[in-house]
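A quick write-up on the structure given underneath.
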Amino acid sequence: MPELPEVETVRLSLVEKLTGRKITAVTVHYPRMVELHSVEEFKRSVTGKTIQRLERRGKYLLLRLSEDLVLALHLRMTGQLTVQPMKQPVADATYFILRLDNDTELRFRDQRKFGKVFTFSANTLPTALAKMGPEPLADEFTLDMLRKRFTGRKLAVKKALLNQEIIAGIGNIYADEALFVAGIHPVRLVDSLTEPELEQLHQAIRQVLQEGIANRGTTKRDYLDGEGNPGTYQNMLRVYGRKGLPCPQCGAPVAKMNFGGRGTHFCPLCQK
DNA sequence: AGTCGCCTGGTA
DNA sequence: TACCAGGCGACT
């Protein structure tokens, strides 16, 4: 799914179309995607509210509605969010629709049905958001903070990067890319990283996420932005999805291993 | 800390 | 036919 750069790209591509719009109707075609409240309660609380701001936290897109209500959407693996004119035919696998007051609709399409939507009150965050780690692109995400969040943990660095409570928004693609850029092997334990390695990793995390946003995200298969366009960062990936192809740095074949249940790509020569 | 379940579709 | 996939929470 969409990781931080993809969700941010969706946010940027939807902000003009959604800000200030009133939600006039809610349709749910797959009830299990609604969390925390019953579908009926969810529809009742959202209908009639105005979308005041679009925000992102980690991989969540947050619609701040009137009356301090927040509507959270998580695209998981295959979610797509687009705003379309109501008259346009609804694509298959569209499970969630917000009808807006200008004859458009926010449509949530999701082939694998893993996506989630829920509401909460702005002053009482649900646990997933309350426990979430820092935003890696915010100024507050300093080298010092990364060091503090790693020290004392017996945990492989790749698992740490994927843990949303340690750092928000990184998924499998950007974890592999950041570790390559930092020259760090994915199975290294976080408390074995030297100070220069921590510095390189801190820098690499921010670099690959910024590159991802600048390239409007990575489209391996399903990802599309809010206007239905694919990203271009897949053409610039250094190791992810490049098993057997030459490492951009040394030319050795990129390796792929299964680690922690996730495909993990790395250069066995450049990453120590 | 590791595995399973949630789902569907594409590819080997 | 089996395996794999941008995620994550609930289980042992």
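Throughout, protein chains are lettered first and strands after them, A, B, ... in sequence-line order, and every chain is numbered starting at 1.
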* Those residues that, when tested against A:Asp225, pass salt bridge (charged side-chain N to carboxylate O under 4.0 Å, His left out) (two or more places apart) -> A:Arg216
* **Spacing of A:Asp176 atom CG relative to C:dA5 atom C1', expressed in whole Å** => 13 Å
* **d(CD, A:Gln111; P, C:dA5) in whole Å** => 18 Å
Could you list the donor-acceptor pairs under 3.5 angstrom formed by side chains in residues 81-91 of chain A, with sequence neighbours left out?
from: A:Thr82; atom 1: OG1; to: A:Gln84; atom 2: NE2; distance (Å): 2.8
from: A:Gln84; atom 1: OE1; to: A:Arg107; atom 2: NH1; distance (Å): 2.7

* Asked: What do you reckon, are the aromatic ring centroids of A:Phe114 and A:His74 less than 6.0 Å apart?
  -> no
* Quick one: ring pair (Phe, Tyr, Trp, His ring centres under 6.0 Å) pairs with a partner in residues 18-37 of chain A, sequence neighbours left out? -> A:Tyr30-A:Tyr95
* Between C:dA10 and B:dC7 - P atom distance, rounded Å -> 15 Å
* Structure fact -> Sorted by number, residues from residues 228-246 of chain A placing a heavy atom under 4.0 Å from DNA chain C are A:Tyr240
* **Positions of residues 115-132 of chain A (non-hydrogen atom under 4.0 Å from DNA chain C), listed by number** => A:Ala128
Under the ring pair (Phe, Tyr, Trp, His ring centres under 6.0 Å) test, residues paired with [X] that sit two or more places apart:
{"X": "A:Phe96", "result": "A:Phe42"}
{"X": "A:Tyr233", "result": "A:Tyr174"}
{"X": "A:Phe120", "result": "none"}
{"X": "A:Phe150", "result": "none"}

* Asked: Could you give the start and end, 5' to 3', of the contact zone on DNA chain B for chain A, using atoms under 4.0 Å from its heavy atoms?
  -> B:dG2 to B:dG10
* Of all the base pairs, Watson-Crick or G-U under 3.5 Å, which form stems of three or more consecutive pairs involving DNA chain B? -> B:1-6 with C:7-12, B:8-12 with C:1-5
Compile the donor-acceptor pairs under 3.5 Å between side chains in residues 265-272 of chain A and protein atoms, sequence neighbours left out, one pair per line.
from: A:His265; atom 1: ND1; to: A:Asp176; atom 2: OD2; distance (Å): 3.0
from: A:His265; atom 1: NE2; to: A:Gly241; atom 2: N; distance (Å): 3.2
from: A:Gln271; atom 1: OE1; to: A:Cys267; atom 2: N; distance (Å): 2.8
from: A:Gln271; atom 1: NE2; to: A:Leu179; atom 2: O; distance (Å): 3.3
from: A:Gln271; atom 1: NE2; to: A:Ile184; atom 2: O; distance (Å): 2.8
from: A:Lys272; atom 1: NZ; to: A:Leu269; atom 2: O; distance (Å): 3.2

* In plain terms, say whether A:Glu6 and A:Lys59 are close enough for a salt bridge, that is, a side-chain N and a carboxylate O under 4.0 Å apart. => no
